[in-house]
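Structure first, commentary second.
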Amino acid sequence: MTTRVPVVERILSANDRMAEKNRELLDRTGLYSINIMASPGAGKTSLILKTLESLDGRLRLGVVEGDLASSIDADKAAAAGLPAVQINTGGECHLDAAMLSDALNSLPLSDLDLVLVENVGNLVCPANFQIGTHLNVLIASIPEGDDKPYKYPGMYRGVQVLIINKIDLLPYVPFDMDYFQRGVEVLNPGVVTFPVSCRTGEGMGDWVDWLVRKVKERRE
Ligand SMILES: Nc1nc2c(ncn2[C@@H]2O[C@H](COP(=O)(O)OP(=O)(O)O)[C@@H](O)[C@H]2O)c(=O)[nH]1
Ligand SMILES: [Mg+2]
């Protein structure tokens with residue numbers, strides 16, 4: 001008697017298939033890409049602008065901005081001299097792979113090294129949608145409070161880099177860094193972490209040096 005061996009295949013959703021296509025396009029063009037996620041006001045746009053400044057020409061950046069409405073963030077990136085595309089999601093609380101695909105088509109990909117994607121600001125939906133980028137980055141900021149890893153575990157689990165922004169506010173805002181980091185460690189042990197201030201520039205050197213190494217490693 002023959003026994004049937006169950007074959008379990010991952011059935012790709014339409015979004016995952018589109019995310020794979022985005023990744024193929026990015027890889028074919030030799031581009032590295034980052035999905036930046038955080039709550040509203042944590043400093044996503046500020047990180048993009050400060051990263052541009054700190055890179056000082058070492059990488060050529062393009063920007064995709066995701067918001068429910070307005071082109072405020074893409075306008076800021078464009079004013080800083082970056083090729084930028086704004087996605088307005090209407091009511092959606094996250095970017096999806098089809099939206100990123102449209103945005104990539106509007107960027108001069110062959111002139112770029114790195115695409116920074118600012119996802120819609122919240123700590124829930126973006127964690128559940130792959131868009132095809134290479135790296136997921138979460139920005140936590142000091143005024144949000146030290147309990148967020150405990151309250152939004154899904155977001156903290158799925159990222160490869162954690163940026164702790166607004167460290168210039170540590171003297172003024174109650175924030176127990178040990179408590180925060182213990183919460184992160186349970187969800188995402190050893191996650192690469194950069195404490196920074198986009199206001200003063202503290203910590204930005206370590207972040208951009210790491211980023212430049214990451215982009216170069218992929219090319220070798
Ligand atoms: N004190 C301080 N404020 C910051 C820092 N980074 C960003 N901000 C401010 O936080 C607010 C929201 O920043 P923004 O980059 O627009 O956040 P986003 O909504 O995540 O894109 C703005 O008023 C920024 O000037 C920082 O490191 N320190
Ligand atoms: Mg923003």
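Note that ligands are numbered from 1 as they come in the structure, with each ligand's atoms numbered from 1 the same way.
- Applying the salt bridge (Lys or Arg N to Asp or Glu O under 4.0 Å) definition to pairs two or more places apart or across chains, those involving residues 118-147 are Asp147-Lys151.
- With a 4.5 Å cut-off between side-chain heavy atoms of Ile, Leu, Val, Met, Phe, Trp and Tyr, the cluster of Leu138 takes in Met37, Leu123, Val124, Ile142, Tyr152, Met155, Tyr156, Val159, Leu162, Ile164, Ile167, Leu169, Leu170, Tyr172, Val173, Phe175, Met177, Phe180, Val184, Leu187, Val191.
- The pair Arg218-Asp27 meets the salt-bridge criterion, since a charged nitrogen lies less than 4.0 angstrom from a carboxylate oxygen.
- For the Mg ion (ligand 2), the neighbouring protein N/O/S atoms at less than 2.8 Å, given as residue and atom, are Thr45 OG1, Asp73 OD2, Glu118 OE2.
- Using a cutoff of 4.0 Å between basic side-chain nitrogens and carboxylate oxygens, Asp168 and Arg199 are not scored as salt-bridged.
- In this structure, a donor-acceptor pair under 3.5 Å is present between the side chains of Asn119 and Asn35.
- By the criterion of side-chain heavy atoms lying less than 4.5 angstrom apart, applied directly or through intervening Ile, Leu, Val, Met, Phe, Trp or Tyr residues, Val137 is grouped together with Val63 in one hydrophobic cluster.
- Within 4.0 Å of ligand 1, contacts by protein heavy atoms are made from Ser39, Pro40, Gly41, Ala42, Gly43, Lys44, Thr45, Ser46, Glu118, Asn165, Lys166, Asp168, Leu169, Ser197, Cys198, Arg199.
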**Asked** Does the pair Val115 and Leu61 meet the rule for a side chain to side chain contact (heavy atoms under 4.5 Å, CB included), with working shown?
**Response** CA-CA 6 Å; Val115 177; Leu61 303 186; over 6 Å; no
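- The pair Arg23-Asp16 fails the salt-bridge criterion, with no side-chain N (NZ, NE, NH1 or NH2) lying under 4.0 Å from an Asp/Glu carboxylate O.
- Contact check on Glu24 versus Lys21 returns no salt bridge, with no Lys/Arg side-chain nitrogen under 4.0 Å from an Asp/Glu carboxylate oxygen.
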